[in-house]
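I have placed the structure first, in the form of structure tokens, so that the comments after it can refer back to it.
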Amino acid sequence: MPYFELMKNSCNSVKMNFDENKYEKFLIYKDLLKEWNEKINLTAITEDEEIIKKHFIDCIKAFSTEEFKKAKNIIDVGTGAGFPGLPIAIMRDDVEVTLLDSLNKRINFLNTVKNSLDLKNVITIHSRAEDGARKKELREKFDIATSRAVANMCILSEFCLPYVKIGGYFIALKGPNIIEELQNAKNAIGTLGGKLEGVLEVNIEGSDLKHNLVIVKKIKETPKTYPRKAGSITKKPLK
């Protein structure tokens, strides 16, 4: 079990339990990711150790925030290959995790992982982020909306905040250079009903990588005019 101790140390650092059963699930996930990646573009990271560190441990670090430990339901917007939603679902089988993605091929992959790992707490939805957020059953229904490396904070806030219930959180997993991005997104976050609570820097074990968790609290309803139609969000980001 070459990576067991590395992953266990990462889990210990965020006070989450890790055992051989969870480890086995991550290994199956890793193998499926590599297998499917030959058919559809899921990740540029294909070495085992890099997948463990840059995907799995990076997502486990979401538990550095108490919000991820307490949430009862989470939506991962633009989940891609399942990051961070699937690692969160593996780590916490008591939280309902919704994986939303616009590409049906990726949904097929996610369903294969879900079934192979017998993850009964995972729901997959094939939808664009801006369309899903207008559905009554999804809008302002989640304790946490999360996303990893999808877009800058102006755009990402419009994709994610409409899903969050008042009192819940939008938590973005971002790279190291976040300060200017957040300054530019401050008004957009406020317009959409959010308030920036803080930025938490996290270290990835076994590497010199440093990433950030951007924590935004939902303090009021998102106006009905948001999210805007497809195209508008990326072409004319909120200022």
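If you're wondering where the values come from, they're calculated on a predicted model, not measured in any experiment.
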For a side-chain contact (heavy atoms from CB on, under 4.5 Å) check, start with the C-alpha distance between I60 and M91, then their side-chain angles and the critical distance, and finish with the verdict. CA-CA 8 Å; I60 286 168; M91 291 300 299; 4.1 Å; yes
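- Contact between A188 and L238 at its shortest, heavy atoms only, is CB-CB, 3.6 Å.
- With sequence neighbours excluded, the residues satisfying side-chain hydrogen bond (donor to acceptor under 3.5 Å, both in side chains) with T124 are N111.
- Of all heavy-atom pairs between I233 and P227, the closest is CD1-CB, 3.9 Å.
- Here NE2 of H126 is found 6.5 Å from OG of S102. Values are rounded to the nearest 0.5 Å.
- Distance check, rounded to the nearest 0.5 Å: CD of E67 to CD1 of I144 gives 6.5 Å.
- In this structure, the side chains of I189 and M153 come closer than 4.5 Å at one or more pairs of heavy atoms.
- Separating the OG atom in S147 from the CG atom in L173 is a distance of 8.5 Å, to the nearest 0.5 Å.
- Counting only distance, with no hydrogens or angles, the side chain of N37 and the backbone of L33 share no donor-acceptor pair below 3.5 Å.
- In this structure, K220 places its NZ atom where more than 12 heavy-atom neighbours from other residues, nucleotides or ligands lie under 6.0 Å away.
- For the pair K61 and E201, the salt-bridge criterion is not met [side-chain N within less than 4.0 Å of a carboxylate O].
- With sequence neighbours excluded, the residues forming a salt bridge (Lys or Arg N to Asp or Glu O under 4.0 Å) with K120 are D118, listed by chain and number.
- Taking the six-membered ring where tryptophan is involved, the planes of F68 and F63 are perpendicular, since the angle between them exceeds 60° and thus also 30°.
- Nearest heavy atom pair, residue N212 against residue P176, reads ND2-O, 3.3 Å.
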Could you walk me through whether L32 and S116 pass side-chain contact (heavy atoms from CB on, under 4.5 Å), step by step? CA-CA 9 Å; L32 285 169; S116 299; 3.7 Å; yes
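- Taking the six-membered ring for Trp and thresholds of 30 and 60 degrees, Y29 and F109 have ring planes inclined between 30 and 60 degrees apart.
- Here the NZ atom belonging to K186 is positioned 12.0 Å from the OG1 atom belonging to T191, to the nearest 0.5 angstrom.
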Under the salt bridge (Lys or Arg N to Asp or Glu O under 4.0 Å) criterion, do K135 and E137 qualify, and how do the steps go? CA-CA 6 Å; K135 291 180 179 167; E137 65 270 24; 5.3 Å; no
Only pairs under 3.5 Å count here: list side-chain donor-acceptor contacts from residues 49-56, not counting sequence neighbours, and write none if there are none.
| residue | atom | partner | partner atom | Å |
| --- | --- | --- | --- | --- |
| E49 | OE2 | K53 | NZ | 2.6 |
| E50 | OE1 | K54 | NZ | 2.7 |
| K53 | NZ | G206 | O | 2.7 |
| H55 | ND1 | R148 | NH1 | 3.3 |
| H55 | ND1 | R148 | NH2 | 3.3 |
| H55 | NE2 | T43 | OG1 | 2.8 |

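- A heavy-atom distance below 4.5 Å is found between the side chains of E181 and K174.
- Other residues, nucleotides and ligands contribute at most 12 non-hydrogen atoms within 6.0 Å of the CG atom of N177.
- Across every non-hydrogen atom of A172 and L156, the tightest pair is CB-CD2, 4.0 Å.
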Does the pair K69 and E66 meet the rule for a salt bridge (Lys or Arg N to Asp or Glu O under 4.0 Å), with working shown? CA-CA 5 Å; K69 293 176 182 175; E66 286 301 308; 3.6 Å; yes
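- For K235, the NZ atom is loosely surrounded, since the number of other residues' heavy atoms within 6.0 Å does not exceed 12.
- Side-chain contact between I125 and L138 is present, with heavy atoms from C-beta onward closer than 4.5 Å.
- Cluster membership check: F26 shares its hydrophobic cluster with I28, using side-chain heavy-atom separations under 4.5 Å among Ile, Leu, Val, Met, Phe, Trp and Tyr.
- Side-chain contact between R228 and K236 is present, with heavy atoms from C-beta onward closer than 4.5 Å.
- The side-chain hydrogen bond (donor to acceptor under 3.5 Å, both in side chains) search around R134 returns none, not counting sequence neighbours.
- When all heavy atoms of L213 and S64 are compared, the closest pair comes out as CD1-CB, 4.0 Å.
- In this structure, K8 contributes its side chain and N17 its backbone to no donor-acceptor pair below 3.5 Å.
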Give every donor-acceptor pair under 3.5 Å between a side-chain atom in residues 74-86 and any protein atom, sequence neighbours left out.
| residue | atom | partner | partner atom | Å |
| --- | --- | --- | --- | --- |
| D76 | OD2 | T79 | OG1 | 2.7 |
| D76 | OD2 | G85 | N | 2.8 |

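- Interatomic distance, NZ of K34 versus CD1 of I45, reported as 13.0 Å (0.5 Å rounding).
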Considering only distance and modelled atom types, tabulate donor-acceptor pairs under 3.5 Å from the side chains of residues 161-171, sequence neighbours left out.
| residue | atom | partner | partner atom | Å |
| --- | --- | --- | --- | --- |
| Y163 | OH | A129 | O | 2.6 |
| Y163 | OH | A133 | N | 3.0 |
| K165 | NZ | D143 | OD1 | 3.1 |

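- Hydrophobic cluster membership differs between L100 and L103, with clusters built from Ile, Leu, Val, Met, Phe, Trp and Tyr side chains linked at under 4.5 angstrom.
- Side-chain polar atoms of N203 and K210 form a donor-acceptor pair below 3.5 angstrom.
- Checking D58 against H211 by side-chain atom types alone, a donor-acceptor pair falls below 3.5 Å.
- When side chains are defined from C-beta on, R92 counts as touching M16, because their heavy atoms get closer than 4.5 Å.
- I219 and F142 are not part of a single hydrophobic cluster, where members link through side-chain heavy atoms under 4.5 Å apart.
- Ion pairing of K229 with E130 is absent here, as no side-chain N (NZ or NE/NH1/NH2) approaches a carboxylate O to less than 4.0 Å.
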Show, in sequence, the C-alpha distance, side-chain angles and deciding distance for K72 and V95, and conclude whether the side-chain contact (heavy atoms from CB on, under 4.5 Å) test is met. CA-CA 5 Å; K72 292 187 171 61; V95 63; 5.6 Å; no
The test is salt bridge (Lys or Arg N to Asp or Glu O under 4.0 Å); show your working for R139 and E221 and say whether it passes. CA-CA 10 Å; R139 190 176 180 90; E221 271 187 29; over 6 Å; no
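- A 4.5 Å side-chain heavy-atom check between E158 and L192 finds at least one atom pair inside the cut-off.
- In summary, the side chains of K218 and T222 do present a donor paired with an acceptor at a separation below 3.5 Å, with no hydrogens or angles considered.
- In this structure, N104 places its CG atom where more than 12 heavy-atom neighbours from other residues, nucleotides or ligands lie under 6.0 Å away.
- One finds the CG atom of D31 at 8.5 Å from the CD atom of E35 (value rounded to the nearest 0.5 Å).
- Closest approach of A89 to N121, counting heavy atoms only: O-ND2, 3.3 Å.
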